[in-house]
Amino acid sequence: MRYRTDLMETLALDKVEVEIKRGEFISIMGPSGCGKSTLLNILGMLDQPSAGKYFFEGNDISGLKEQKRARLRKEKVGFVFQSFNLIDELTVFENVELPLLYQRRSASDRKNQVTKILERMGIDHRASHYPQQLSGGQQQRVAVARATVGEPSVIFADEPTGNLDSVHGDEVMNLLGDLHRTGTTIVMVTHSAHDAAFSERSIRLFDGKVIGESQNRLEEVQS
């Protein structure tokens, strides 16, 4: 993946070859500027690779136009960001409902689905509150609920605990672990070895290249 400006060209990813199986929980690790977020953006279909191929669910989507990539994102993908990215003017319920509006789901279906996911995340009692009325941990729970309400095939999480203390961070990681155990594929960018230990496998990047992989032992984190 190359970024070009009038003055320079930057190689963000260099011959990266990664396979992620359905139902896996993967963490992508490495120092700042190593290409983690670039890789996540390509995998999440937010960016298009400047070279190479990307297969999603067996289909080569490397050359898809934005309209078709956007449709795939709406139907197949959920995102969790470090900064929560909630809309302050909307209630918790309305924030979580947004992906279902994009999917043109019926009002009754939206209500049932949002209620169910808020209960699952333990924040149903906050449904009528606004983001500013919530703690950081609660806001990230809302973000996870929004990412999962449409039952996506895969969740991409970019430093999901970066703005949280250790207690609330572990709450979010346990939520992601629960989602993984129900069959959701999760791909997470993190600087934290502690958070990475919640995943099954860690991929390490340096200067845009994959320099290693390791298997993690989730039972040690969960015990």
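The figures here come from the full heavy-atom set of this structure, side chains too, leaving out hydrogens, waters and symmetry mates.
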Query raised in the report: Could you give the distance from CD1 (Ile186) to OG (Ser27), rounded to the nearest 0.5 Å?
Result: 11.5 Å
Report task. Go through the structure and list residues passing salt bridge (Lys or Arg N to Asp or Glu O under 4.0 Å) with Arg104, not counting sequence neighbours. Result -> none
Query raised in the report: Do Arg126 and Gln138 come close enough that some side-chain heavy atom pair is under 4.5 Å?
Result: yes
Query - side chain to side chain contact (heavy atoms under 4.5 Å, CB included) between Ile61 and Leu72, intermediate numbers included - result: CA-CA 10 Å; Ile61 63 169; Leu72 269 177; 4.0 Å; yes
Report task. Show which residues join Ile87 in its hydrophobic cluster (side-chain heavy-atom contacts under 4.5 Å, direct or indirect), or state none. Result -> Leu90, Leu98, Leu101, Tyr102
**Report entry** Contacts of type salt bridge (Lys or Arg N to Asp or Glu O under 4.0 Å), residue Asp88, not counting sequence neighbours
**Finding:** none
Query raised in the report: For the hydrophobic clusters of this structure (ILVMFWY residues joined by side-chain heavy atoms under 4.5 Å, transitively), does one cluster hold both Leu64 and Leu39?
Result: yes
Report task. Please determine which of Leu43, Asn59, Val18 meets the side chain to side chain contact (heavy atoms under 4.5 Å, CB included) test together with Tyr54. Result -> Leu43
Query raised in the report: Is there side-chain contact between Met173 and Met188, with heavy atoms separated by less than 4.5 Å?
Result: yes
Query raised in the report: Got a sec, which hydrophobics cluster with Ile211, joining ILVMFWY side chains under 4.5 Å apart, including via others?
Result: Phe206
Requested in this report: Check the pair Ile155, Val187 against side chain to side chain contact (heavy atoms under 4.5 Å, CB included), reporting the backbone distance first and the verdict last.
Outcome: CA-CA 6 Å; Ile155 293 175; Val187 182; over 6 Å; no
Query - Main-chain N/O of Tyr130 paired to Gln133 side chain as donor or acceptor, under 3.5 Å - result: yes
Report summary line: When rounded to the nearest 0.5 Å, the distance separating NZ of Lys76 from OG of Ser153 is 4.0 Å
Query raised in the report: Which residues satisfy the side-chain hydrogen bond (donor to acceptor under 3.5 Å, both in side chains) test with Thr115, sequence neighbours excluded?
Result: none
Query raised in the report: Quick one: CG on Leu175 to CG on Asp170, what's the gap to the nearest 0.5 Å?
Result: 11.0 Å
**Report entry** By side-chain hydrogen bond (donor to acceptor under 3.5 Å, both in side chains) - contacts of Asp109 (at least two apart)
**Finding:** Arg105
Query raised in the report: Do Arg120 and Thr182 have side chains that get closer than 4.5 Å, going by heavy atoms?
Result: yes
Query raised in the report: Quick one: side chain to side chain contact (heavy atoms under 4.5 Å, CB included) partners of Gln67, sequence neighbours excluded?
Result: Arg71
**Report entry** Test log, rule side-chain hydrogen bond (donor to acceptor under 3.5 Å, both in side chains), inputs Gln140 and Gln82
**Finding:** CA-CA 8 Å; Gln140 195 61 300; Gln82 177 177 344; over 6 Å; no
Query raised in the report: Got a second to check how far Ser192's OG is from His194's NE2, nearest 0.5 Å?
Result: 6.0 Å
Query raised in the report: What is the distance from atom CD of Glu200 to atom CD of Gln215, rounded to the nearest 0.5 Å?
Result: 8.0 Å
Requested in this report: Quick one: pull up CD1 in Ile203 and CD1 in Ile28 and give me the separation to the nearest 0.5 Å.
Outcome: 5.5 Å
Report task. Assign the ring pair Phe79 / Phe81 to parallel, tilted or perpendicular, where the plane angle (0 to 90°) is split at 30° and 60°. Result -> parallel
**Report entry** Residues forming a salt bridge (Lys or Arg N to Asp or Glu O under 4.0 Å) with Glu159, sequence neighbours excluded
**Finding:** none
Query - Phe93: ring-ring contact (aromatic ring centres under 6.0 Å, His included) partners, not counting sequence neighbours - result: none
Report task. Is it possible for you to say whether Phe156 and Met29 belong to one hydrophobic cluster, with membership spreading through side-chain heavy-atom contacts below 4.5 Å? Result -> no
Requested in this report: Would you sort out whether Arg69 and Glu66 count as a salt bridge (Lys or Arg N to Asp or Glu O under 4.0 Å), showing the intermediate values?
Outcome: CA-CA 5 Å; Arg69 284 191 290 128; Glu66 171 55 24; 3.1 Å; yes
Query raised in the report: Got a sec, which residues hit salt bridge (Lys or Arg N to Asp or Glu O under 4.0 Å) with Glu24, two or more places apart in sequence or on another chain?
Result: Arg201
Requested in this report: Kindly write out the residues that satisfy side-chain hydrogen bond (donor to acceptor under 3.5 Å, both in side chains) with Thr190, not counting sequence neighbours, or none if the list is empty.
Outcome: none
Requested in this report: Only counting residues at least two apart or in another chain, list the ones meeting side-chain hydrogen bond (donor to acceptor under 3.5 Å, both in side chains) with Thr185.
Outcome: none
